[in-house]
Amino acid sequence: MSGILYVVGTPIGNLGDITERQLEILGSVAFIAAEDTRVTKKLLSHFELHTPLRSYHEHSPEAVISQIVERLHTGENCAVVTDAGMPCISDPGALLVQRCIAENIAIQVVPGPSAVISALAVSGQDTTRFCFEGFLSVTKKQRFSHLESLKHEKRTMVFYEAPHKLVNTLKDMYQTFGNRSVTLCRELTKIHEEVKKTTLAEALEYYTQNSPRGEFVLVIAGSAEEDSSQQLSLEAVLAMAKSRVSNGERASDVCKELANETGFSKRELYHALLEEQKDSD
């Protein structure tokens with residue numbers, strides 16, 4: 001009788017998020033197929049578990065999958081894990097699952113935290129419908145093709161991004177999508193966790209001046225082309241801003257709110273407002 005492949009979620013940062021069932025499975029299987037054995041070894045050591053590890057990642061040859069499946073066929077149980085979160089989501093574990101299904105090997109899920117769902121939950125964006133787009137390609141042509149295909153996507157979009165690529169990604173998104181609302185979720189569940197809801201223009205300006213640190217999840221508003229606010233001219237938005245400022249509101253606060261509502265950048269509105277005020281003096 002074949003063994004069982006357990007798809008086991010692990011904490012995305014805070015080790016306190018691990019569950020009793022995860023610990024039970026990780027400690028009882030014959031071996032663990034891990035994305036990075038060094039990362040998983042630290043997790044196991046923290047909980048005093050000593051289960052043997054088997055390296056399995058995106059660069060593993062087909063032979064590695066065959067070896068894992070062969071051991072499952074002999075009756076050994078295996079847990080597949082990623083470095084953090086749920087395996088098989090934008091992760092090579094999906095190939096192992098597909099192979100096990102094809103060969104009638106039992107699969108059980110042991111759920112845990114997911115950066116996608118966690119970020120979406122705290123984003124402040126529309127959560128009724130969304131799509132997960134993973135990492136963008138490092139190849140410029142493929143990256144722009146991917147973004148262009150999403151230009152008219154009305155669902156909320158979720159992306160992963162590394163800190164050293166964040167600024168270029170924000171530039172490409174701003175160029176393709178315009179000034180959409182975006183929530184940047186950084187280092188979720190860790191000590192320096194940060195959730196920042198802003199616009200693509202303001203995020204680009206901020207991270208151009210402040211070096212990004214930590215892993216990011218970007219939650220971006222879908223297309224709202226039917227929204228008449230997107231069609232307002234700069235002159236019309238400036239008139240709204242001038243009226244509110246004349247009623248005692250702070251110019252910076254007004255420009256920030258109108259930027260979020262209309263798609264213009266806060267910086268663009270603020271500078272235009274200052275020019276208007278100079279000309280009227």
Side-chain angles (χ1 to χ4, degrees), residues 3-44 46-47 49 51 53-60 64-65 68-69 72 77-102 105-123 125 127-136 155-162 183-190 193 195 214-220:
I4 299 172
L5 176 69
Y6 292 96
V7 178
V8 182
T10 55
I12 59 176
N14 192 321
L15 295 183
D17 292 334
I18 203 161
T19 68
E20 290 185 8
R21 185 171 176 229
Q22 289 166 1
L23 290 175
E24 177 188 351
I25 296 300
L26 292 176
S28 64
V29 293
F31 66 106
I32 297 171
E35 178 182 10
D36 186 330
T37 55
R38 296 166 299 181
V39 172
T40 303
K41 186 175 182 179
K42 289 180 181 178
L43 175 68
L44 297 180
H46 181 83
F47 293 103
L49 299 176
T51 307
L53 297 173
R54 178 72 168 84
S55 178
Y56 171 62
H57 48 75
E58 62 180 333
H59 302 296
S60 296
V64 172
I65 295 181
I68 294 173
V69 169
L72 285 162
N77 291 335
C78 170
V80 59
V81 301
T82 187
D83 289 348
M86 283 300 296
C88 309
I89 306 300
S90 191
D91 175 81
L95 297 176
L96 180 57
V97 167
Q98 291 166 10
R99 179 71 173 274
C100 287
I101 289 174
I105 293 173
I107 303 171
Q108 291 187 21
V109 64
V110 186
S114 165
V116 177
I117 301 302
S118 299
L120 188 67
V122 297
S123 68
Q125 304 288 354
T127 61
T128 53
R129 298 180 66 208
F130 71 94
C131 57
F132 173 57
E133 297 297 325
F135 286 98
L136 291 172
R155 294 171 295 178
T156 299
M157 299 172 286
V158 186
F159 296 83
Y160 285 161
E161 195 50 278
T183 303
L184 299 98
C185 301
R186 183 175 72 89
E187 296 288 88
L188 289 174
T189 78
K190 300 178 183 177
E193 176 178 328
V195 177
E215 299 299 317
F216 285 82
V217 182
L218 308 180
V219 186
I220 302 177

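The model shown is predicted, which means the values in this text are computed figures rather than measured ones.
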Inset, instruction - Look only at the side chain of Ser123 and the backbone of Leu120, and say whether a donor-acceptor pair between them is shorter than 3.5 Å. - result: yes
Inset, instruction - Starting at CG of Leu96, measure out to CD1 of Ile105 and round the result to the nearest 0.5 Å. - result: 8.0 Å
Inset, instruction - Find out whether Glu215 and Arg186 are in side-chain contact, i.e. whether some heavy atom of one side chain is under 4.5 Å from a heavy atom of the other. - result: no
Legend entry - Residue pair Thr189 / Glu193: nearest heavy atoms and the distance that separates them: N-OE1, 2.7 Å
Inset, instruction - Mind checking the NE2-CG spacing from His57 to Asp83? Nearest 0.5 Å is all I need. - result: 10.5 Å
Inset, instruction - Could you pull out the closest heavy-atom pair between Ala84 and Ile12, with the gap in Å? - result: CB-CA, 3.8 Å
Inset, instruction - Could you tell me whether the side chain of Leu184 reaches within less than 4.5 Å of the side chain of Glu161, counting heavy atoms only? - result: no
Inset, instruction - Report the C-alpha separation of Val116 and Phe130 in whole Å, then their side-chain angles, then the decisive distance to 0.1 Å, and conclude whether the side chain to side chain contact (heavy atoms under 4.5 Å, CB included) test is met. - result: CA-CA 10 Å; Val116 177; Phe130 71 94; 4.2 Å; yes
Inset, instruction - Please report the closest heavy-atom contact between Val195 and Val122, naming both atoms and the distance. - result: CG1-O, 3.5 Å
Legend entry - Separation between CD1 of Ile117 and CG of Leu188, rounded to the nearest 0.5 Å: 12.0 Å
Inset, instruction - Might you point out which heavy atoms bring Cys88 and Val97 nearest each other, and give the distance in Å? - result: SG-CG2, 3.7 Å
Legend entry - Single hit among Ile68, Val29, Val69 for side-chain contact (heavy atoms from CB on, under 4.5 Å) with Cys78: Ile68
Inset, instruction - Indicate yes or no for a side-chain donor-acceptor contact from Thr51 to the backbone of Leu26 under 3.5 Å, with no hydrogens or angles considered. - result: yes
Inset, instruction - Take Tyr160 and Val217 through the test side chain to side chain contact (heavy atoms under 4.5 Å, CB included) and record every step on the way to the result. - result: CA-CA 5 Å; Tyr160 285 161; Val217 182; 3.9 Å; yes
Inset, instruction - Could you go through the side chain to side chain contact (heavy atoms under 4.5 Å, CB included) check for Leu53 and Leu44 one step at a time? - result: CA-CA 10 Å; Leu53 297 173; Leu44 297 180; 3.7 Å; yes
Legend entry - Smallest separation among heavy atoms of Arg21 and Val110, with atom names: NH1-CA, 3.7 Å
Inset, instruction - Would you confirm whether Thr19, through its side chain, and Gln22, through its main-chain N or O, come within 3.5 Å as a donor-acceptor pair? - result: yes
Legend entry - Closest non-hydrogen atom pair, Phe132 against Ser90: CE2-CB, 3.7 Å
Legend entry - Any side-chain heavy-atom pair of Leu72 and Cys100 under 4.5 Å: yes
Inset, instruction - For the residue pair Thr156 and Val219, establish whether any side-chain heavy-atom pair is separated by less than 4.5 Å. - result: yes
Inset, instruction - Hey, could you give me the CD1/CG distance between Ile32 and Asn77, rounded to the nearest 0.5 Å? - result: 12.0 Å
Legend entry - Chi angles and distances behind the side chain to side chain contact (heavy atoms under 4.5 Å, CB included) call for Arg54, Val64: CA-CA 9 Å; Arg54 178 72 168 84; Val64 172; 3.9 Å; yes
Legend entry - Inter-residue atom distance Tyr6.OH - Glu24.CD, 0.5 Å rounding: 8.5 Å
Inset, instruction - Could you grab the distance from atom CG of Leu15 to atom NZ of Lys190, nearest 0.5 Å is fine? - result: 10.5 Å
Legend entry - Partner set under salt bridge (Lys or Arg N to Asp or Glu O under 4.0 Å) for Glu35, not counting sequence neighbours: none
